[in-house]
Amino acid sequence: MNAPLLQVTGLGKSFGGVRAVDGVDFSLHRGELLALIGPNGAGKSTTFNMVGGQLAADRGSVRLDGRPLDGLPPRAIWRRGVGRTFQIAETFASFTVAENVQMALLSNDRRLWSWWRRAADHRRGDALALLEQVGMRPQADRPCSELAYGDVKRVELAIALAHDPALLLMDEPTAGMAPGERHALMALVRQLVQARGMGVLFTEHSMDVVFAFADRILVLARGRLIADGPPQQIRDDPQVQAVYLGTGAPLDEPAPEAGA
């Protein structure tokens, strides 16, 4: 197998006397969708944010294509080839769909200082090509304020792809979406991963999405990695079932409500 795109080694973070993340190791290859899951307080958000540079690690290392990302701010990590989408999609509501992507292209070209004069004209053809990839080309000239939330998520994905990242970090990519929208978005992500040869690390609470689309799943509990493997292996893992759900129920089914 080729060298990993992302290599995380011994990653750790403490808050006061609490070890939120304790010695986490994992790798991610190009063309792979890797899900990071765990119960509340497991350390997945802390781990995710250390990879993206939003939090500084206390110990351990993060390397992209063999190059260290440790200590770099998010902007520098973005420049190294790491894109990101957020749990709550962020776009300029009054701008058109195309202008939102053009803003990202302006930033990539280091020309954001003059965005108010150039956003509507800058690399429009490239913006439309990105929108075509995410199925939003027909709505290119509509204000983002008029879009359904699922379509806003697609625009955010086009924005994240504007600098051609090697690694895409997706924080709860299907949050707030209906089941059909969730699966459509992740099917699109899978197509883009295969077409672009990039890697995706994502956190997600919807287990139907995780087990339908992840190639491999990492499970955290109390800051430590307790399982790493393909969906079927994770689904059948008794420790994962016990720690993650607190029940013996299959992971891709909802946990019983209290008192049920």
query: If every non-hydrogen atom of Q87 is compared with every non-hydrogen atom of K153, which pair is closest and at what distance?
result: O-NZ, 3.1 Å
- prompt: Do the side chains of R30 and N2 get nearer than 4.5 Å, heavy atoms only?
  reply: no
query: Within the distance-only criterion (no hydrogens, no angle test), does the side chain of R190 pair as donor or acceptor with the backbone N or O of F213 below 3.5 angstrom?
result: yes
- request: Look at D208 together with R182 and state whether they make a salt bridge at an N to O cut-off of under 4.0 Å.
  value: yes
message: For a quick test of reading the model, state the closest non-hydrogen atom pair linking A162 to A104 and the distance between them.
response: CB-CB, 3.6 Å
task: Would you give the length of the straight line joining atom CG of L168 to atom CG of L192, rounded to the nearest 0.5 angstrom?
output: 9.0 Å
Heavy-atom closest contact (S27 atom, P4 atom, distance): CB-CB, 3.8 Å
query: Is any side-chain heavy atom of F26 closer than 4.5 Å to a side-chain heavy atom of L11?
result: no
- request: Decide whether a cation-pi geometry holds between K44 and F48; the criteria are a distance under 6.0 Å from NZ or CZ to the six-membered ring centre and an angle within 45° of the ring axis.
  value: no
field: Any donor-acceptor pair under 3.5 Å from D22 side chain to R224 backbone
entry: no
- prompt: About how many Å separate CD of Q239 and CD1 of I226, when rounded to the nearest 0.5 Å?
  reply: 4.5 Å
Euclidean distance, E156 CD relative to M136 CE, rounded to 0.5 Å: 12.5 Å
message: For R235, is there any backbone N or O sitting under 3.5 Å from a side-chain donor or acceptor partner on Q241?
response: yes
- line: Between D70 and V62 the two heavy atoms that sit nearest each other are OD1-N, 2.7 Å
- prompt: When you look at M207 and I37, which way does the side-chain contact (heavy atoms from CB on, under 4.5 Å) test go after all the steps?
  reply: CA-CA 9 Å; M207 290 298 99; I37 67 171; 4.0 Å; yes
message: Can a donor-acceptor pair be found, under 3.5 Å and without considering hydrogens, that links the side chain of E204 to the backbone of A35?
response: no
query: Under 4.5 Å between side-chain heavy atoms, hopping through other hydrophobics if needed: is there a path connecting L69 to W78?
result: no
query: Honestly curious: do L220 and F15 fall in one hydrophobic cluster under the side-chain, below-4.5 Å linking rule?
result: yes
- prompt: Hey, are the side chains of P231 and I217 touching, using non-hydrogen atoms and a 4.5 Å cut-off?
  reply: yes
task: Taking all non-hydrogen atoms of both residues into account, name the closest pair between C144 and V152 and its distance.
output: O-CG2, 4.2 Å
field: Heavy-atom side-chain contact between L33 and M186 under 4.5 Å
entry: yes
message: Between D58 and R19, does any side-chain N to carboxylate O distance fall below 4.0 Å?
response: no
message: Quick check: is F86 connected to L130 through a chain of hydrophobic side chains (ILVMFWY, heavy atoms under 4.5 Å apart)?
response: no
statement: Separation between CG (L157) and CZ (R154), nearest 0.5 Å, reads 8.5 Å
message: Show the nearest heavy-atom pair for residues A140 and L131, with the distance to one decimal.
response: CB-CD1, 3.9 Å
- request: Tell me, please, which residues at least two apart from R222 pass salt bridge (Lys or Arg N to Asp or Glu O under 4.0 Å).
  value: none
message: In the structure I gave you, are the side-chain heavy atoms of N100 and M103 within less than 4.5 Å of one another anywhere?
response: no
task: For residues V134 and V155, determine if any side-chain heavy atom of one lies less than 4.5 Å from a side-chain heavy atom of the other.
output: no
Q54 and R84 side chains, donor-acceptor separation under 3.5 Å: yes
- request: Report whether Y149 and L185 are members of the same hydrophobic cluster (ILVMFWY, side-chain heavy atoms less than 4.5 Å apart, transitive linking).
  value: yes
query: Does any N or O in the side chain of E146 come within less than 3.5 Å of the main-chain N or O of P143, such that one atom is a donor and the other an acceptor?
result: no
- prompt: What distance separates L28 CG from L36 CG, expressed to the nearest 0.5 Å?
  reply: 11.0 Å
Report all side-chain donor-acceptor pairs from residues 195-203 shorter than 3.5 Å, counting only partners two or more places apart or in another chain.
| from | atom 1 | to | atom 2 | distance (Å) |
| --- | --- | --- | --- | --- |
| R196 | NE | Q133 | OE1 | 3.3 |
| R196 | NH1 | D164 | OD1 | 3.0 |
| R196 | NH2 | Q133 | OE1 | 3.2 |
| T203 | OG1 | D171 | OD1 | 3.0 |
| T203 | OG1 | E172 | N | 3.1 |

message: Quick check: do E99 and F92 have side-chain heavy atoms less than 4.5 Å from each other?
response: no
- line: Here the gap from I159 atom CD1 to Q102 atom CD, rounded to the nearest 0.5 Å, amounts to 11.0 Å
